[in-house]
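If you read the sequence from its start, that first residue is 1, and numbering goes on from there. Since the structure is predicted, the reported quantities are computational estimates derived from the model, not experimental observations.
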Amino acid sequence: IVEKIYELARRQPAHPAIVHNGTSIGYAAIARAIAIAREALIAAGLPRGKTAGMVAAGNLFETWAIDTALRSLGADTLAAPTLKELLELDPPGLGCVVTTAREEGDGRLVGRERAPCAVAVLTPIGLARIFAGDLPTLPPSHAPYGGHYVYSSGTTGRFKKIYYDAAREEPRAAARRAALSLPPGNVHHAMRTALWTGNGWKAPLAHWWHGGTVIFEQREGGAFDFMAEQEFGSITLAPPMLKQLLARADAAVIRNPDCRVFSGFGLVSKTLIQDLRTRLRRRFVRNYSCSELAVPSLLSAIDGAEDLDWYAPTPGKRVQIVDESGAPLPPGTQGEVRIALTELDASGYADDRQASARAFRDGFFHPGDLGVMRADGRVSILGRAADVLVVQGRKVPVAPFEQDLQRMFDGAEVCVFSHLNAKGDEELVIAIESATRPSAPKLQDAVRMFTEFGQVRFVMRSQFPRTDDTARKVRRAALKALLAS
């Protein structure tokens, strides 16, 4: 990507590569920022070792510039919000940690004295030095470009590190643009999505490889307070953020009538879709994505209520529903989702052979979800295969029940668990994320869905424990522990 940015700095120097907190930063300015970071790293004798860690100081513009500089000097990179989390991730061959964070009053570097490698604090790049000066060039010979690790904790809290090399970065970006039908020069609003997440890494690269623009918004205030300042062609919002947007009096802050609003990461209710249509009047596309895959595997442009639950495979992606032995199942039969791997996808998890063997096998990626396929090839995702209810000794997938309950409760997040209570009796716990308790008739309807259970208990919580990334997935293990206690 550094070569591409340097090339675009000459072809379209003033064209914005980034709009950061309302300031337009052209390709020439970004190239100078990368060059400044390269010079500072070389002067400090960095990078060292195979992998360079980054403690992101909050400024996404600087974080991307330093990451790109480190990779141009041959290091693989991995970023994290704090030094503690970075060291817990324990990336292979970690030789140094780089940041612009300061220790005074900044919790990001707590535990620095226990770090097993050098922690270098660079002077922030800032904006003053990047808007004028000669355009940088790369030396004729240099080390092979480094790759990058994204990581995901999913809903379990256990980190999984996923490596993407530099050699196939351009075709990966092109495949993502094609899959999402992004036009050349598209402006994408990335909000404050960090580059250690799958979407936070892939979306900006897909745009910079074809001269597009990425908006980062990190000013104090709500996520949508400054959105009306810019016009953009795409944005990704998880369902909780869609609800936040619709709760605003000025919900129509997305100015571009042709903007594509992408969403995944959970159930989207019919009520929410109707609100999106009447208040936002924008093109809404659900996508089923995995950090381990270069492009989304399934997409659904929401044109009618019947499209809510059924995704179409992305062109070029092969999605199957299989039984426990890996045999494809006929339409209408529930089974495990698997997705054919390509050379652009990840091939495993770093330093985790056991997890790699479970998820990457026989040329397919197994995300661990249940699904069902229609005769026309469309797929409905039913939820995690590992999330089951134990009913009188039988394991029953929980996802279909939760989806029915979410619709019953107008799209409120619902998690269902079974366990033995303090008396040793089998009990079903239905947790509802809502500030208000559903009506008695709705609760009675819910109880009727679980006639095989002797006891059903409802628990209301204003907020479930969630992951810290933009996906905001429910941390089911943490929630279950809270409910059990």
Side-chain angles (χ1 to χ4, degrees), residues 1-2 20 30 33-130 142-153 157-164 166 192-197 200-201 204 216 218 349-352 468-469:
I1 189 62
V2 68
H20 183 256
I30 290 297
I34 295 169
I36 290 169
R38 278 176 56 91
E39 291 171 5
L41 290 166
I42 292 169
L46 300 172
R48 301 173 194 163
K50 182 178 184 297
T51 302
M54 284 196 306
V55 178
N59 185 322
L60 284 167
F61 144 63
E62 288 190 343
T63 300
W64 269 102
I66 295 170
D67 177 89
T68 306
L70 284 166
R71 295 177 61 218
S72 76
L73 293 169
D76 294 331
T77 58
L78 184 148
T82 66
L83 180 61
K84 178 177 182 292
E85 188 161 311
L86 178 64
L87 297 180
E88 286 175 356
L89 284 160
D90 190 22
L94 180 66
C96 62
V97 175
V98 177
T99 185
T100 57
R102 292 289 188 264
E103 290 185 271
E104 298 81 6
D106 193 331
R108 297 184 183 92
L109 294 180
V110 170
R112 179 179 179 179
E113 66 282 356
R114 296 189 297 275
C117 59
V119 179
V121 180
L122 303 182
T123 301
I125 298 170
L127 296 176
R129 296 187 287 168
I130 67 173
H142 51 76
Y145 295 119
H148 182 78
Y149 292 92
V150 300
Y151 67 91
S152 168
S153 62
R158 182 179 179 181
F159 292 129
K160 295 178 292 185
K161 302 184 287 289
I162 303 151
Y163 180 71
Y164 283 104
R192 53 189 69 184
T193 311
L195 70 167
W196 52 79
T197 68
W201 171 250
F216 293 122
Q218 297 180 276
Y349 300 118
D351 295 338
D352 196 334
D468 294 329
D469 55 19

* Between Ile34 and Val2, is any pair of side-chain heavy atoms under 4.5 Å apart? ->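 Yes; the side chains approach each other to less than 4.5 Å.
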Nearest non-hydrogen partners of [X] and [Y], listed with the distance:
| X | Y | answer |
| --- | --- | --- |
| Leu195 | His148 | O-NE2, 3.0 Å |
| Ala80 | Leu89 | CB-CD1, 4.3 Å |
| Ala69 | Leu41 | CB-CD1, 3.9 Å |
| Pro81 | Tyr151 | CD-OH, 3.4 Å |
| Thr100 | Pro124 | CG2-CA, 4.1 Å |
| Arg38 | Ser72 | NH1-OG, 2.7 Å |

* **Residues in salt bridge (charged side-chain N to carboxylate O under 4.0 Å, His left out) contact with Lys84, at least two apart in sequence or another chain** =>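 Residues passing salt bridge (charged side-chain N to carboxylate O under 4.0 Å, His left out) with Lys84: Glu88.
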Could you pull out every donor-acceptor pair under 3.5 Å between side chains of residues 55-63 and any protein atom, sequence neighbours left out?
from  : atom 1 : to     : atom 2 : distance (Å)
Asn59 : OD1    : Phe61  : N      : 3.0
Asn59 : OD1    : Glu62  : N      : 3.1
Glu62 : OE2    : Ile125 : N      : 2.7
Glu62 : OE2    : Gly126 : N      : 2.8
Thr63 : OG1    : Asn59  : O      : 2.9

* Donor-acceptor contact below 3.5 Å, side chain Arg108 vs main chain Thr82 ->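 No, because the side chain of Arg108 does not come within donor-acceptor range (under 3.5 Å) of the backbone of Thr82.
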* Between the main-chain N or O of Thr77 and the side-chain N or O of Arg71, is there a donor-acceptor pair closer than 3.5 Å? ->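 Side chain of Arg71 to backbone of Thr77, a donor-acceptor pair under 3.5 Å: no, none is there.
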* Please state whether the rings of Tyr163 and Tyr149 are parallel, tilted or perpendicular, taking 30° and 60° as the class boundaries. =>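 The rings of Tyr163 and Tyr149 sit tilted, inter-plane angle from 30° to 60°.
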* Test log, rule side-chain contact (heavy atoms from CB on, under 4.5 Å), inputs Leu70 and Ile66 -> CA-CA 6 Å; Leu70 284 166; Ile66 295 170; 4.0 Å; yes
* Yes or no on side-chain contact (heavy atoms from CB on, under 4.5 Å) for Val150 and Trp196, after CA distance, side-chain angles and deciding distance? -> CA-CA 5 Å; Val150 300; Trp196 52 79; 5.8 Å; no
* Residue pairs involving residues 46-58 (criterion side chain to side chain donor-acceptor pair (under 3.5 Å); sequence neighbours excluded) ->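 Sorted pair list: Lys50-Asp76.
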* Asked: Among Val119, Thr99, Val97, which residue meets the side chain to side chain contact (heavy atoms under 4.5 Å, CB included) test with Leu86?
  ->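 Going through Val119, Thr99, Val97 one by one, the side chain to side chain contact (heavy atoms under 4.5 Å, CB included) with Leu86 is satisfied by Val97 alone.
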* To do: First locate atom CG of Leu94, then atom SG of Cys117, and finally report the distance between them rounded to the nearest 0.5 Å.
  =>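 Going from CG on Leu94 over to SG on Cys117, the span is 4.0 Å.
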* Applying side-chain contact (heavy atoms from CB on, under 4.5 Å), run through Leu87 and Asp90 and close with a yes or a no. => CA-CA 5 Å; Leu87 297 180; Asp90 190 22; over 6 Å; no
* To do: Could you give me the CA-CA distance, side-chain angles and deciding distance for Met54 and Asp67, then say whether side-chain contact (heavy atoms from CB on, under 4.5 Å) is met?
  => CA-CA 8 Å; Met54 284 196 306; Asp67 177 89; 3.3 Å; yes
